[in-house]
Engineer: 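Here you go, one structure.
Counting starts at 1 for both ligands and their atoms, following the listed order.
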Amino acid sequence: MHPEQQYLDLMARLLNEGDPRGDRTGVGTRSLFGQVLRFDLSRGTPVFTTKKVAWKHAAKEMLWFLRGDTNIRSLLEGSPRVTIWSDWPYQRYCRETGDSIEMREFEERILTDDDFAQAWGDLGPVYGKQWRRWLASDGREIDQVETALDLLKHDPNSRRIIVEGWNVGELDQMTLPPCHKTYQFWVSGEGRLSLMLTQRSADVLLGVPFNCVGASVFLHLMAAKAGLDVGELVWCGADVHLYQNHVEQAAIQIARTPTPWPSLVYSGGDLAWEAIGLEHFELLNYDPAPAIPAPVAV
Ligand SMILES: Nc1nc(=O)c2c([nH]1)NC[C@@H]1CN(c3ccc(C(=O)N[C@@H](CCC(=O)O)C(=O)O)cc3)CN21
Ligand SMILES: O=c1ccn([C@H]2C[C@H](O)[C@@H](COP(=O)(O)O)O2)c(=O)[nH]1
């Protein structure tokens with residue numbers, strides 16, 4: 001069975017058996033609680049092929065987290081321009097100032113006006129802050145990513161190799177509390193690095209394909225830096241849902257047949273997190289079906 005079939009089967013289960021329910025956004029979902037997907041990354045990278053996934057956008061987002069950045073400015077800078085986070089600071093800007101500029105103009109001002117970017121482009125203490133500078137009660141800033149890397153190198157049997165985003169005391173300052181909240185690493189006896197990602201809330205059509213690419217990038221980078229081979233990505237979703245306005249898109253996607261998965265190649269070695277860019281990645285043999293446009297629930 002093609003590994004992507006797990007994802008298509010999950011979408012089909014949501015369509016057929018998902019619990020219809022309201023949600024924060026007002027759109028409504030069909031939801032199942034507690035779902036698992038397993039992918040062996042040594043046999044291909046889960047960049048889904050039954051629709052074109054903007055893998056460079058997802059990889060750029062992951063590098064942004066890993067640098068400790070929380071401002072959308074650097075997502076908008078350079079190529080490709082990543083706009084997936086713009087809705088939330090834009091809404092905050094409109095709400096708090098009463099100004100009704102267009103999204104495009106908002107993004108332009110984030111790019112060109114330093115003060116504006118500082119005031120309105122920051123998402124609060126989201127992933128990047130927690131991963132690289134978690135504030136401990138004694139005032140220390142904890143670099144979870146470097147700590148995890150150190151454990152992979154020096155104590156690979158540890159059962160405590162975790163990067164956690166869910167900082168309970170700071171949730172109220174975040175634009176959105178983390179969805180892909182826990183990354184836990186595990187090294188096999190043969191030196192293969194596996195990663196379990198736990199996602200508390202998962203938008204199966206738009207979020208999950210991005211999150212699988214992001215997690216694959218994270219896994220490849222940690223493996224390269226620790227001198228390990230890539231193993232499995234185990235994706236666990238708690239509230240896994242299909243938005244009611246994604247039903248048609250899901251039906252189209254389920255009817256498609258996956259093609260062989262591409263291979264992600266990272267060539268940056270042990271570069272500092274800040275120095276790693278998209279130019280250090282290549283995706284070989286990606287042959288997807290056409291993209292399937294869908295609205296994002298804000
Ligand atoms: N409802 C919802 N779903 C999400 O997946 C999500 C949120 N909200 N809020 C925070 C981030 C933002 N994310 C997003 C937002 C938009 C797309 C999206 O529109 N994807 C399109 C095109 C991507 C592009 O061209 O950049 C897609 O077809 O995958 C994906 C992930 C993931 N997260
Ligand atoms: O990386 C991400 C970020 C967000 N999501 C989805 C999951 C939900 O549909 C929304 C978040 O809404 P909450 O009310 O905070 O759960 O965004 C995702 O799938 N992946």
Side-chain angles (χ1 to χ4, degrees), residues 7 10-11 14 18-19 21-33 35 37 46-66 70 72 75-76 78-92 103 107 123-124 126-128 130-131 163 165-166 168 171-183 197-218 235-246 248-250 252-253 256 278 286 288-298:
Y7 173 72
L10 171 58
M11 264 200 303
L14 286 167
D19 182 34
R21 48 205 283 126
D23 79 293
R24 175 186 55 78
T25 68
V27 173
T29 67
R30 303 176 189 198
S31 167
L32 289 170
F33 190 60
Q35 300 290 321
L37 307 170
V47 188
F48 299 152
T49 60
T50 46
K51 80 167 184 198
K52 187 175 184 184
V53 176
W55 73 273
K56 284 190 178 173
H57 295 226
K60 189 171 168 180
E61 183 197 32
M62 177 51 65
L63 296 175
W64 175 72
F65 299 143
L66 287 168
T70 57
I72 62 166
L75 290 176
L76 298 172
S79 173
R81 175 184 282 222
V82 174
T83 60
I84 58 170
W85 278 103
S86 298
D87 282 306
W88 291 269
Y90 171 69
Q91 283 206 340
R92 181 170 80 91
M103 170 64 92
E107 290 179 333
L123 301 173
V126 292
Y127 305 95
Q130 304 304 341
W131 289 11
V163 174
W166 195 256
V168 181
L171 292 177
D172 57 354
Q173 302 167 49
M174 304 182 195
T175 303
L176 268 183
C179 289
H180 43 108
K181 56 177 285 308
T182 307
Y183 290 80
L197 161 58
T198 306
Q199 204 164 326
R200 67 166 176 86
S201 176
D203 173 346
V204 83
L205 193 88
L206 287 181
V208 174
F210 262 59
N211 295 128
C212 289
V213 172
S216 299
V217 167
F218 197 2
W235 179 92
C236 304
D239 186 319
V240 181
H241 47 269
L242 181 71
Y243 280 99
Q244 295 291 8
N245 59 0
H246 290 169
E248 275 174 40
Q249 288 88 339
I252 293 171
Q253 193 165 358
R256 293 177 174 174
L278 283 180
Y286 185 44
I292 306 177
V296 59
V298 178

Engineer: Quick check on ring pair (Phe, Tyr, Trp, His ring centres under 6.0 Å): which of Y127, F65, Y183 does F218 satisfy it with?
Structural biologist: Y183
Engineer: Taking D23 for its side chain and G28 for its backbone only, find out whether a donor-acceptor pair lies under 3.5 Å.
Structural biologist: yes
Engineer: Please report whether atom 22 (C) of ligand 1 has a protein non-hydrogen atom at a separation of less than 4.0 Å.
Structural biologist: no
Engineer: Do L206 and H246 come within less than 4.5 Å of each other through their side chains, counting heavy atoms only?
Structural biologist: yes
Engineer: Side chains of W235 and V240: closer than 4.5 Å at any heavy-atom pair?
Structural biologist: yes
Engineer: Is there side-chain contact between Y243 and P295, with at least one heavy-atom pair below 4.5 Å?
Structural biologist: no
Engineer: To which protein heavy atom is atom 18 (C) of ligand 1 closest, and what is the distance rounded to 0.1 Å?
Structural biologist: L206 CD2, 3.9 Å
Engineer: Tell me whether atom 27 (C) of ligand 1 lies less than 4.0 Å from at least one protein heavy-atom position.
Structural biologist: yes
Engineer: Keeping R200 on the side-chain end and P178 on the backbone end, is there a donor-acceptor pair under 3.5 Å?
Structural biologist: yes
Engineer: Is there at least one protein heavy-atom neighbour under 4.0 Å from atom 12 (C) of ligand 1?
Structural biologist: yes
Engineer: Give a yes or no on whether the backbone of V204 and the side-chain of Y7 come within a donor-acceptor separation of less than 3.5 Å.
Structural biologist: yes
Engineer: State, yes or no, whether a side-chain contact exists between R21 and D239 at a heavy-atom distance under 4.5 Å.
Structural biologist: yes
Engineer: Just which atoms of ligand 1 are under 4.0 Å from any heavy atom in Y243?
Structural biologist: 1 (N)
Engineer: Does anything in residues 202-214 form a side chain to side chain donor-acceptor pair (under 3.5 Å)? List the pairs, not counting sequence neighbours.
Structural biologist: Q199-N211
Engineer: Please check whether W88 reaches ligand 1 - meaning an N/O of the residue sits under 3.5 Å from an N/O of the ligand, judged on distance alone.
Structural biologist: no
Engineer: Quick check on contacts: which atoms of ligand 1 are under 4.0 angstrom from a heavy atom of L176?
Structural biologist: 9 (N), 10 (C)
Engineer: Does ligand 1 come near enough to D203 that some N or O of the ligand is less than 3.5 Å from an N or O of the residue?
Structural biologist: yes
Engineer: Looking only at protein heavy atoms, identify the closest one to atom 32 (C) of ligand 1 and say how far it is in Å.
Structural biologist: G207 CA, 4.5 Å
Engineer: For ligand 2, list every N/O pair with the protein closer than 3.5 Å, one pair per line with the distance.
Structural biologist:
residue: ligand 2; atom: 1 (O); partner: N211; partner atom: OD1; Å: 3.4
residue: ligand 2; atom: 1 (O); partner: N211; partner atom: ND2; Å: 2.8
residue: ligand 2; atom: 9 (O); partner: H241; partner atom: NE2; Å: 2.7
residue: ligand 2; atom: 9 (O); partner: Y243; partner atom: OH; Å: 2.6
residue: ligand 2; atom: 12 (O); partner: R24; partner atom: NH2; Å: 2.8
residue: ligand 2; atom: 14 (O); partner: R24; partner atom: NE; Å: 2.7
residue: ligand 2; atom: 14 (O); partner: R24; partner atom: NH2; Å: 3.4
residue: ligand 2; atom: 15 (O); partner: R200; partner atom: NH2; Å: 2.8
residue: ligand 2; atom: 16 (O); partner: R200; partner atom: NH1; Å: 2.9
residue: ligand 2; atom: 16 (O); partner: S201; partner atom: OG; Å: 2.7
residue: ligand 2; atom: 19 (O); partner: Q199; partner atom: NE2; Å: 3.4
residue: ligand 2; atom: 19 (O); partner: D203; partner atom: N; Å: 2.8
residue: ligand 2; atom: 20 (N); partner: Q199; partner atom: NE2; Å: 3.4
residue: ligand 2; atom: 20 (N); partner: N211; partner atom: OD1; Å: 2.9

Engineer: Would you verify that at least one protein heavy atom lies under 4.0 Å from atom 9 (N) of ligand 1, or report that none does?
Structural biologist: yes
Engineer: When you measure from the side chain of K60 to the backbone N and O of L278, does any donor-acceptor pair fall under 3.5 Å?
Structural biologist: no
Engineer: Between V53 and ligand 1, which part of the residue brings a heavy atom under 4.0 Å of the ligand: side chain, backbone, both or neither?
Structural biologist: neither
Engineer: Does a sphere of radius 6.0 Å around NZ in K51 hold more than 12 heavy atoms from other residues, nucleotides or ligands, not counting ones at 6.0 Å or beyond?
Structural biologist: yes
Engineer: With heavy atoms only and a cut-off of under 4.0 Å, state how I84 meets ligand 1: side chain, backbone, both or neither.
Structural biologist: both
Engineer: Quick one: pull up CG in D87 and OG1 in T175 and give me the separation to the nearest 0.5 Å.
Structural biologist: 12.0 Å
Engineer: Are any of the N/O atoms on F210, whether in the backbone or the side chain, positioned under 3.5 angstrom from an N/O atom of ligand 1?
Structural biologist: no
